[in-house]
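Along the sequence shown, residues are numbered consecutively beginning with 1. Here the structure is a predicted model, which is why all the values come from computation and not from measurement.
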Amino acid sequence: MANPSSSPEPVIIDTDPGVDDAIALLMALSCSELEVIGLTTTAGNVPLRPATRNTLALLEYLNRTDIPVYQGASRPVRGRFAYARHVHTASGLTHRLNEPETEPAKTGAVPYIGQTLLADPGAVSIIALGPLTNLARVMKRYKSALPAARRIIVMGGAVDTPGNVTPCSEFNFYSDPTAARLVIESGVPLTLIDLAPCRQVFVSRTEAEELGSSGRSGQLAAQLLTGWFRRDPERERFNLYDPLTLIAAIAPAALTFRSVTLAVDDSDTTDESSQWGQTRVVNPTNGPISITAPDGVDRPAALAAIRRLLDWTSSGSGRKGYSHAP
């Protein structure tokens, strides 16, 4: 956990809300360890327009319209976004928010990220929760920008674990595999939270129904989760992908990391589209990418940190525990 006496860490969050993105944003905006100085949007879970709408609506819900929103990529570096309407609904969220009255900034996401990082090297961090399209375009336009980040934390990829879109590919990397390849193979140091650790931290249907919170962030997060479960009676657990990525930023002791070199497949490396976004380990002992070690997630600690940020309690049964089964 960050030193309570230290200044909060300035961070830009790149996002495509999406239920788990929304919960992660609610966590970040409740967090004293981070100062969210800007939000950038990309298509991914939903097209760019609803992704931006959801981001603005969340800020208005929390009375945080002081945080600017910058629109980014509506199309991937190559190909077309797959979207995940079947998972997140056509709007992206499973609880309706008021139509936002605020507008995104006139500056686009790419110049905002690039210029902000270059203006104060080593000061501002990036947390990327969606496809890496915006970051890949920052690399092309502002070549020194990403190396100037304080740190970069990315949710994406399936390293030594099955994918969730194809047998080998995770959604964010599959959505824009060329962007993922460009960023992951660039040599820029970053922390990657892939599907393997994310699948270890989840909320079950029963637990979601019992969640309570005295805070607005926690209440909305619980409503999003219960709405997600109600859409499909077959759903039994919600994996906390993007919330765990936030935990990697504020409570890194909950995860154990190892340094590796990775490669990502796209149409430049294989003709098999089912393999696009596949994340391969090139060097398992050294490299610029930090990934979680096998069994490298302290699940109770990660869930406790999530509960703290959302002020979640368990009502009904009186339980405060969460599932820890793999």
Side-chain angles (χ1 to χ4, degrees), residues 2 4 7-42 44-46 48-72 88-89 91-105 107 109 112-113 116 124-130 153 155 203 208 211-228 238 240-251 305-313 315:
S7 299
E9 178 180 352
V11 63
I12 298 168
I13 301 179
D14 192 55
T15 183
D16 61 334
V19 175
D20 58 333
D21 293 74
I23 295 173
L25 291 178
L26 292 168
M27 289 167 55
L29 295 167
S30 302
C31 177
S32 61
E33 293 94 338
L34 301 177
E35 178 190 2
V36 180
I37 63 170
L39 296 172
T40 56
T41 59
T42 179
N45 286 319
V46 291
L48 180 63
R49 184 173 179 179
T52 303
R53 180 261 176 206
N54 292 343
T55 304
L56 292 167
L58 284 165
L59 290 176
E60 290 190 9
Y61 172 86
L62 294 174
N63 295 315
R64 292 303 310 272
T65 55
D66 56 301
I67 299 173
V69 175
Y70 302 85
Q71 288 195 106
H88 296 277
T89 78
S91 71
L93 301 182
T94 54
H95 181 80
R96 184 172 179 80
L97 295 174
N98 292 335
E99 195 65 26
E101 297 180 1
T102 49
E103 298 285 340
T107 303
Y112 169 69
I113 294 171
T116 301
V124 178
S125 296
I126 301 289
I127 300 176
L129 304 178
I153 303 174
M155 191 281 125
V203 174
L211 286 176
S213 177
S214 60
R216 284 175 65 79
S217 293
Q219 290 170 7
L220 178 56
Q223 290 168 330
L224 289 166
L225 279 175
T226 55
W228 186 84
F238 183 91
L240 295 164
Y241 300 130
D242 294 333
L244 183 62
T245 306
L246 254 293
I247 295 308
I250 65 168
I306 293 170
R307 293 198 304 270
R308 173 180 69 84
L309 289 174
L310 295 172
D311 190 30
W312 270 350
T313 58
S315 60

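A distance of 10.5 Å separates CD of Glu103 from OG1 of Thr52, quoted to the nearest 0.5 Å. With values rounded to the nearest 0.5 angstrom, Leu29 atom CG is found 11.5 Å from Asn63 atom CG. How far CE of Met27 is from CG of Asp20: 11.0 Å, rounded to the nearest 0.5 Å. Rounding to the nearest 0.5 Å places SG of Cys31 at 12.5 Å from CG of Leu26. To the nearest 0.5 angstrom, Arg49 atom CZ is 12.0 Å from Asn54 atom CG. Within the model, atoms OG of Ser30 and CG of Leu310 stand 6.5 Å from one another, a figure rounded to the nearest 0.5 Å.
Listed for the Glu9 side chain is no donor-acceptor partner under 3.5 Å among the backbone atoms of Leu34. Under a 3.5 Å cut-off, the side chain of Thr226 and the backbone N or O of Gln223 do form a donor-acceptor pair.
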Next on the checklist: Please determine whether side-chain contact (heavy atoms from CB on, under 4.5 Å) holds for the pair Leu59 and Leu39, giving the CA-CA distance in whole Å, both sets of side-chain angles, and the decisive distance to 0.1 Å.
Outcome noted: CA-CA 10 Å; Leu59 290 176; Leu39 296 172; 3.9 Å; yes
Next on the checklist: Could you go through Leu224 and Phe238, starting from their C-alpha distance and side-chain angles, then the distance that decides it, and tell me whether this counts as side-chain contact (heavy atoms from CB on, under 4.5 Å)?
Outcome noted: CA-CA 11 Å; Leu224 289 166; Phe238 183 91; over 6 Å; no
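Taking each heavy atom of Gly72 and Ala109 in turn, the nearest pair found is CA-CB, 3.5 Å. Heavy atoms only, all atoms of each residue included: Leu211 and Ala222 are closest at CB-CB, 4.0 Å. Scanning both residues, Thr41 and Asp14, for their nearest heavy atoms gives N-OD1, 4.3 Å. In plain terms, the two heavy atoms of Trp312 and Gly218 that are nearest each other are NE1-O, 3.1 Å. Of all heavy-atom pairs between Ala28 and Ile13, the closest is CB-CD1, 3.6 Å. In terms of heavy atoms, Pro100 sits closest to Ala57 at CB-N, 4.0 Å.
In Glu99, the CD atom is crowded: over 12 heavy atoms of neighbouring residues, nucleotides or ligands sit closer than 6.0 Å. In Asn98, the CG atom is not crowded: 12 or fewer heavy atoms of neighbouring residues, nucleotides or ligands sit closer than 6.0 Å.
Contact annotation: the side chain of Leu25 approaches that of Pro17 to within less than 4.5 Å [non-hydrogen atoms, C-beta and beyond]. The closest side-chain heavy-atom distance from Pro104 to Leu56 is below 4.5 Å. Put simply, the side chain of Glu35 reaches to within 4.5 Å of the side chain of Ile37, judged on heavy atoms. No side-chain heavy atom of Leu220 sits less than 4.5 Å from a side-chain heavy atom of Leu62.
Side-chain atoms of Thr102 and Thr65 include no donor-acceptor pair closer than 3.5 Å. Between Asp16 and Thr42, the side chains place no donor N or O within less than 3.5 Å of an acceptor N or O (distance only, hydrogens not considered).
With sequence neighbours left out, the side chain to side chain contact (heavy atoms under 4.5 Å, CB included) criterion links Thr107 to Tyr70, Pro111, Tyr112. Evaluation of the side chain to side chain donor-acceptor pair (under 3.5 Å) rule for Arg216 yields no partner, not counting sequence neighbours.
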Check residues 240-250 and write down every donor-acceptor pair under 3.5 Å in which the side-chain atom is one partner and the other belongs to a residue at least two apart or another chain.
residue: Tyr241; atom: OH; partner: Asn239; partner atom: ND2; Å: 3.4
residue: Asp242; atom: OD2; partner: Asp21; partner atom: N; Å: 3.2
residue: Thr245; atom: OG1; partner: Tyr241; partner atom: O; Å: 3.1

